[in-house]
Amino acid sequence: MPQENSDWQIRIRKVLDLERATGYDDRAATCGLEAFVRLQHPASIQWIEGYAAATPAARQSMIDDLIRSLSSDDVRAASQASSLPHEPDLTEPISRAHGIGSKRATLLAKLGLNTMEDLLMFFPHRLEDRTQVTRIGLLKDGMDVSVRGAVHAIQKVRMNRGMTLVKASIADGTGFLSAVWFNQPWVADQIKRGMMIDVFGHVERSYGELQMKSPIWEPEGMGVEIGRWVPVYPATEGITVKSIRSLIHKNLDRCLPGVRESLSTDMRSQFRLMSRREAVETIHRPQNPAAFERARRSLAFEEFFLLQLGLLRSSRSEVGRTHAANNGLLESFFAGLRFTLTAAQRGAIDEILSDLSKPVRMMRLLQGDVGSGKTLVALAAAIAVIDSGCQVAYMAPTEILAEQHALTFERMLSGLPVAVQILTGNTAGKTTINERIANGDVDLLVGTHALIQESVSFKDLGLVIIDEQHRFGVVQRSAIEEKGDRVDLLVMSATPIPRTITLTLYGEFDTSVLDEMPMGPRSIETQWIEASKRDALYEKIGRMLDEGRKGYVVLPLVEESEKVEANAAIQVANELTHRFPVHGVGLIHGRLASAEKAKAMEAFRDGETQLLVATTVIEVGIDVQDADFMVIEDADRFGLSQLHQLRGRIGRAGQPSWCFALADAGTEEGKERLAAFQEHLDGFAIAEEDLRIRGPGDLVGTQQHGYFTLLRAVDLMRDLDLMRRAREAAKAAYAQGISPELTDLIEQRFGEMIRWIRV
Ligand code: ADP
Ligand code: MG
């Protein structure tokens, strides 16, 4: 780098001094300051982009930035020492960043980038190899390469319809390459004849000459866009990857000294992590992909460690109650069961009983595929707690499911001294029921979110079981817990959750997994069928009905209104009744009264109707063993786990069954989803596919999926091992006590997310 100021620096500096002296009115240069700088030194234009339109205050800071950059170009180290005596403050607003206009600051704020720290912690998700500079003589059609050369000629051509074309001819002694830019007339002002530049782009041979269309370019050796492993940032509306890259590049050196370590040296060496500062620098300016990945993993470890520490810090009080079963209820229950438990069920029940017998609060997540027999495990837990003299609340997301569970429980518990009661919004005689709950006359209360109503109070609630817990709001979950004293908690999900998500959302829970199907593996054949073949499909359904089979026709949820949805269901049911007059077509949807719903279910169970047209009210829990086919209409309107959950309604006795997904997949994502649905029958595999296709947001089933963006370095597809290790490390660290500084840091980064996960 030259020690003496070059001519352009002196010229720019003079004009800037004049501009300052005349009060930033953009008259120091006759052509306007922006154009002037562009002429003198194109690379410096970034500092004062939008100058003419900016406010005087903004103009002032732009000029300050530009002057700083001029001096940093010659004696960088010295100027850093003099102009930055203090450690940079990363909590400064992002508007203080070099090279940022007020417009861009606003756009970045929309992305959640408000401070310098946010900017530094905005990580690239991959790298692009632009390290190799290739000689023009060696270029071939179709290559993506960097080229370095002198600008031999440059011209701007006006074409018809107001289009402009800038064409530069670049030479490196081995040949000529033309670079062309469409509708970017300013390029002609930035690139001058004789300049040395680097370009990166796709090489094509066109009319016999080698050409790059709209290549990326920069002055030779600048090393931001070309000649290195270039970090690729997630692009977002209004801001290009390139401008984010340049912004980070410009501010990185200045900000790095402000990056603080959060992990101890011991811990870093134990887990072979880079220092945070080194990791941040490396991830933005990697020497190679291996270094990039090491930096990312170091940051991911730290990130997940902090989240886990935060979860541990705020986890529910660990003191719980000991539930000693003393009347042999559970033994009688098992003795009366018509089937034997699977080994997985026995394992899970043992884990739960062991939790219950300890004076610690149980926090357990029961995972298992659709039909793996979670309900029975939950029921065993309930019986154990009831036997110790406490009450149990079992909360399900829908009325239909609650009713079905209540029926099942009554049936399975008949002969045992356990009083089961249902309570939903539609249950009659609430006053009496509430009294019985308060008196302790109800042992097992099964219901919907009606259970959390204020009028419901327990004599002594000992265990809360939440089925399909993701369908409840956070407030509902904690409200039911608060109806008891140090209640134990068992939560279940409808379909498996990817393990990395479980670690994130259920960090404070222990997990039991049912990885075995009671009836042996399901044998369901899934077919994705084009909507145009709908008629042929129903012909086939007709034959299945003739064979005496029964099944469902499921219609998608219509978001706008239950009424529209019900009408659609009625229409389809009419159409099918017409088509299959002798087989009996039932109908069930959300607008039916509960008695009617129950009647429809019963008729289907008894075989009075062979075909049940249903909206997604049947999605969860419905258990009619001999249903062996399902048609899912407009299957592209369902999420993957919802499809899988629906499919779980058939083949429940292990009999061969068929699931037909009718859809024209409009989008690429829709195609992937349906293909995955067709291919995978295993719920854990489905969950992983879902995560891959949609990302974590939709999997958590809530509006707050934005919290997942707080995990900036963690890769939920690949970091399972790392996340487990970070969790163990967090447990160990927590046991030793954590410093107030760390507490602050956790609160700052994850406070809100933790509060959301916790309740
Ligand atoms: P899910 O895990 O989807 O909630 P369920 O608990 O509804 O599954 O169980 C599915 C079906 O399997 C139910 O009909 C249930 O009675 C039955 N079942 C559960 N455990 C066993 C077992 N060990 N042997 C045979 N059938 C079982
Ligand atoms: Mg269930």
Side-chain angles (χ1 to χ4, degrees), residues 330 333-352 364-383 392 394-398 400-414 420 444 446 465-472 490-497 502 511-524 550 552 601-602 604-606 616-628 630 641-655 657 659 681-684 686-687:
L330 205 52
F333 171 69
F334 286 142
L337 266 187
R338 277 174 295 125
F339 42 71
T340 42
L341 299 177
T342 62
Q345 282 173 319
R346 236 178 296 126
I349 292 173
D350 284 346
E351 284 167 344
I352 291 170
R364 192 165 281 280
L365 168 69
L366 179 59
Q367 284 242 64
D369 206 347
V370 192
S372 59
K374 296 185 286 289
T375 318
L376 190 68
V377 174
L379 188 57
I383 293 169
V392 175
Y394 190 114
M395 201 155 74
T398 64
I400 197 163
L401 189 53
E403 272 161 9
Q404 181 177 293
H405 279 325
L407 282 176
T408 310
F409 294 165
E410 265 167 22
R411 181 166 46 82
M412 297 188 83
L413 294 169
S414 66
V420 181
L444 175 53
V446 184
I465 300 171
I466 302 181
D467 200 2
E468 326 295 6
Q469 63 76 34
H470 64 284
R471 310 231 314 200
F472 288 96
L490 180 66
V491 302
M492 302 185 273
S493 76
T495 51
I497 312 169
T502 309
T511 311
S512 296
V513 181
L514 300 184
D515 50 6
E516 198 180 344
M517 289 300 209
M519 307 295 183
R522 291 268 169 103
S523 75
I524 303 175
K550 57 165 110 155
Y552 304 91
M601 283 314 304
E602 212 171 297
F604 184 61
R605 194 169 283 127
D606 294 345
T616 44
V617 293
I618 65 147
E619 179 186 339
V620 281
I622 293 299
D623 190 12
V624 175
Q625 295 265 334
D626 58 350
D628 34 29
M630 174 174 281
S641 80
Q642 211 182 2
L643 287 170
H644 181 65
Q645 179 66 31
L646 285 168
R647 177 170 59 184
R649 304 302 112 218
I650 57 172
R652 286 174 81 85
Q655 78 274 34
S657 305
C659 180
L681 192 55
D682 170 59
F684 286 91
I686 289 272

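Counting starts at 1 for both ligands and their atoms, following the listed order. None of the values given here were measured: they were computed from a predicted structure.
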K.L.:
Do you know which two heavy atoms are closest between H405 and A396, and how far apart they sit?
P.N.:
CD2-CB, 4.4 Å
K.L.:
Only heavy atoms of L341, strictly under 4.0 Å: list the atoms of ligand 1 that pass.
P.N.:
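Going through ligand 1 atom by atom, the ones under 4.0 Å from L341 are 23 (N).
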K.L.:
I need the L444 CG to I465 CD1 distance, nearest 0.5 Å.
P.N.:
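Between L444 CG and I465 CD1, I get 7.0 Å after rounding to 0.5 Å.
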K.L.:
Taking the minimum heavy-atom distance to atom 10 (C) of ligand 1, which of M517, E516, R652 ranks first?
P.N.:
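Shortest heavy-atom distance from atom 10 (C) of ligand 1: R652.
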K.L.:
How about L337 and M412: do any of their side-chain heavy atoms sit closer than 4.5 Å?
P.N.:
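Contact flag for L337/M412 side chains = yes.
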K.L.:
Taking only heavy atoms of T340 into account, list the atoms of ligand 1 that are under 4.0 Å away from them.
P.N.:
22 (C), 23 (N), 24 (N)
K.L.:
Hey, is L337 one of the residues with a heavy atom under 4.0 angstrom from ligand 1?
P.N.:
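Under 4.0 Å: no for L337.
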K.L.:
Measure up the F409 and Y394 rings against each other and bin them: parallel (under 30°), tilted (30 to 60°), perpendicular (over 60°).
P.N.:
perpendicular
K.L.:
Check whether any heavy atom of Q625 sits under 4.0 Å from an atom of ligand 1.
P.N.:
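Yes; Q625 lies near enough to ligand 1 that a heavy-atom distance drops under 4.0 Å.
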K.L.:
Provide the closest heavy-atom pair for A348 versus L514 in the form atom of the first, atom of the second, distance.
P.N.:
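Reported closest heavy-atom pair: CB-CD2, 3.8 Å.
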K.L.:
Does S372 come within less than 4.0 angstrom of ligand 1, counting non-hydrogen atoms of the residue?
P.N.:
yes
K.L.:
Can you confirm, on distance only, whether ligand 1 has an N/O atom lying under 3.5 Å from any N/O atom belonging to V370?
P.N.:
no
K.L.:
Quick one: does D369 get a heavy atom under 4.0 Å from ligand 1?
P.N.:
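In this structure, D369 qualifies as a contact of ligand 1 - some heavy atom is under 4.0 Å.
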K.L.:
Identify the two heavy atoms, one from R364 and one from S512, that lie closest to each other, and give their separation to 0.1 Å.
P.N.:
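Taking R364 first and S512 second, the nearest heavy atoms are NH1-OG, 2.8 Å.
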K.L.:
Output yes when the distance from some N or O of ligand 1 to some N or O of M519 is under 3.5 Å, and no in every other case.
P.N.:
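No - when backbone and side-chain N and O of M519 are compared with those of ligand 1, no distance drops under 3.5 Å.
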K.L.:
Taking the minimum heavy-atom distance to atom 6 (O) of ligand 1, which of L366, D467, T375 ranks first?
P.N.:
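Comparing heavy atoms across L366, D467, T375, the nearest one to atom 6 (O) of ligand 1 lies in T375.
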K.L.:
Please answer whether the main-chain N or O of L366 pairs with a side-chain N or O of K374 as donor and acceptor at a distance below 3.5 Å.
P.N.:
no
